[in-house]
Amino acid sequence: MNAIILLGPPGAGKGTLAEALVEDGYGHISTGDMLREAIRQKTPVGLLAQGYMDRGELVPDDVIIDIIEGLIFDSVAGKKFMFDGFPRTLVQAEKLTELFSKTGSCLDRVVLLDCPDEIIFSRLTGRRVCKSCGAVYHVEHKSPTEEGVCDVDACELYQRDDDSEETVRNRLFVYASQTKPLVDYYDAKGLVSHIDAAQGIGDILNQVLQTLG
Ligand code: AMP
C-alpha cells in the first residue's frame, strides 16, 4: 500500500480533512474511531481503552500496535491509505516503519497540521455534539438555533468527556510531550509538509491537495 500520515494536535482538523480526502480516493484508518467503536461494542479492547481516553491519555502502545498490525497485513496492495491519529508515539512510528518495510509499503508524506494551543482549546471545549445523530456544533462559531438542541433532529446536545477543559489541557500536554517528537523523526526522512491549520478547512484542503500533487 501507499500511505500518508495526518499529524497534528487534537482539534487541528485531522478528522475533517480525512473526510475530504476520502472523496479523493484515500482509505481512512483512524485509531480513535476504531477505539470508540470498540467502546460502543464493549469489547475487551474497548473496556481497556475507555479510562485512558476519558482522561485524555494515550492508550498503551501494544494495544494500538496490535490493531494496526492486523490492518496493514489485511489491506489490499496498491491501495492508498491515510493514517489519522496514528502513530502518536516514537514506539508506534518505529513499528510502522518496520511494518512498511516488511510489507513493501511506502510512506509518501506526513501532513502536519500546525495550530496554536489557544485556537485548539477554544475549538474543543466549545464543541457540542448531538446525542442522537452526531451532528457537531460550536457554542460560539456554529451555535444551534435553540441552545442545547440539535437543528437536525431536535435531540439534546452534549459535550464529549474528552472535550472538558481539564481533559483538553491534558490532551495538549500529551501531544506536546509524546507526539510532537514525531515531527523531527519524519523531518529527518524528508517527509513532512507543514500546513497552517488555523485557516478554514477549504484552504487547508487546497494546500494539502497541492502538497500531495
Ligand atoms: P482521536 O479521535 O484520534 O483524537 O483519539 C481519541 C483518543 O483515542 C486519544 O485521546 C487517545 O486516548 C486514543 N488514541 C487514538 N489513537 C491513539 C494512538 N495511536 N495511540 C494511543 N492512543 C490513541
Side-chain angles (χ1 to χ4, degrees), residues 3-22 26-72 75 81-100 107 110-115 117 119-129 134 136 138 158-183 185-186 197 201:
I4 60 170
I5 290 173
L6 306 184
L7 192 61
K14 296 189 295 296
T16 315
L17 175 62
E19 279 171 25
L21 288 177
V22 165
Y26 281 89
H28 183 198
I29 298 176
S30 159
T31 39
D33 284 352
M34 286 178 211
L35 291 169
R36 279 183 285 277
E37 185 55 31
I39 290 174
R40 257 191 300 277
Q41 293 188 7
K42 297 191 168 52
T43 67
V45 167
L47 294 174
L48 188 146
Q50 174 125 52
Y52 293 99
M53 291 172 76
D54 287 348
R55 290 189 297 274
E57 294 168 10
L58 295 186
V59 174
D61 284 333
D62 52 347
V63 175
I64 300 291
I65 287 169
D66 271 356
I67 296 176
I68 291 292
E69 219 163 5
L71 262 176
I72 290 186
S75 67
F81 280 93
M82 69 188 133
F83 289 95
D84 161 13
F86 175 88
R88 261 178 155 105
T89 63
L90 273 174
V91 172
Q92 294 179 16
E94 279 161 1
K95 186 70 190 180
L96 186 64
T97 302
E98 182 194 316
L99 286 172
F100 270 29
L107 178 59
V110 175
V111 174
L112 173 66
L113 297 178
D114 273 326
C115 198
D117 279 4
I119 295 184
I120 300 282
F121 191 76
S122 146
R123 275 186 193 167
L124 291 182
T125 57
R127 180 161 67 179
R128 298 293 181 271
V129 183
V136 179
H138 190 279
Y158 79 108
Q159 184 180 44
R160 277 170 42 172
D161 285 343
D162 59 352
D163 284 345
S164 70
E165 289 194 10
E166 191 191 343
T167 307
V168 169
R169 269 197 200 94
N170 197 29
R171 288 165 75 192
L172 286 170
F173 172 77
V174 166
Y175 176 76
S177 56
Q178 299 194 59
T179 307
K180 226 173 170 188
L182 299 191
V183 178
Y185 177 81
Y186 287 118
I201 183 64

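Order of listing sets the numbers, starting from 1, for every ligand and every atom in it. The structure presented is a predicted model; accordingly, all values stated were derived computationally and were not measured.
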S164 OG to R169 CZ distance, which is reported to the nearest 0.5 Å:
9.5 Å

Give one line per pair: atom of ligand 1, protein atom, distance. Only N/O to N/O under 3.5 Å.
from     : atom 1 : to  : atom 2 : distance (Å)
ligand 1 : 2 (O)  : R36 : NH1    : 3.0
ligand 1 : 2 (O)  : R36 : NH2    : 2.9
ligand 1 : 3 (O)  : R88 : NH1    : 3.0
ligand 1 : 3 (O)  : R88 : NH2    : 3.3
ligand 1 : 4 (O)  : R88 : NH2    : 3.2
ligand 1 : 12 (O) : E57 : O      : 2.6
ligand 1 : 16 (N) : T31 : OG1    : 2.8
ligand 1 : 16 (N) : G85 : O      : 3.4
ligand 1 : 16 (N) : R88 : NH1    : 2.9
ligand 1 : 19 (N) : G85 : O      : 3.0
ligand 1 : 19 (N) : Q92 : OE1    : 3.0
ligand 1 : 20 (N) : Q92 : NE2    : 3.0
ligand 1 : 22 (N) : V59 : N      : 3.1

Partner of M82 under side chain to side chain contact (heavy atoms under 4.5 Å, CB included), chosen from V22, V111, I5
V22

Treating R171 as the side-chain partner and D162 as the backbone partner, does any N or O pair qualify as donor plus acceptor under 3.5 Å?
yes

Apply side-chain contact (heavy atoms from CB on, under 4.5 Å) to E69 and list each qualifying residue two or more places apart in sequence or on a separate chain.
I65, D66, F73, K95, L99

Presence of salt bridge, D163 and R127, under 4.0 angstrom
yes

Closest non-hydrogen atom pair, P87 against Y186:
CG-OH, 3.5 Å

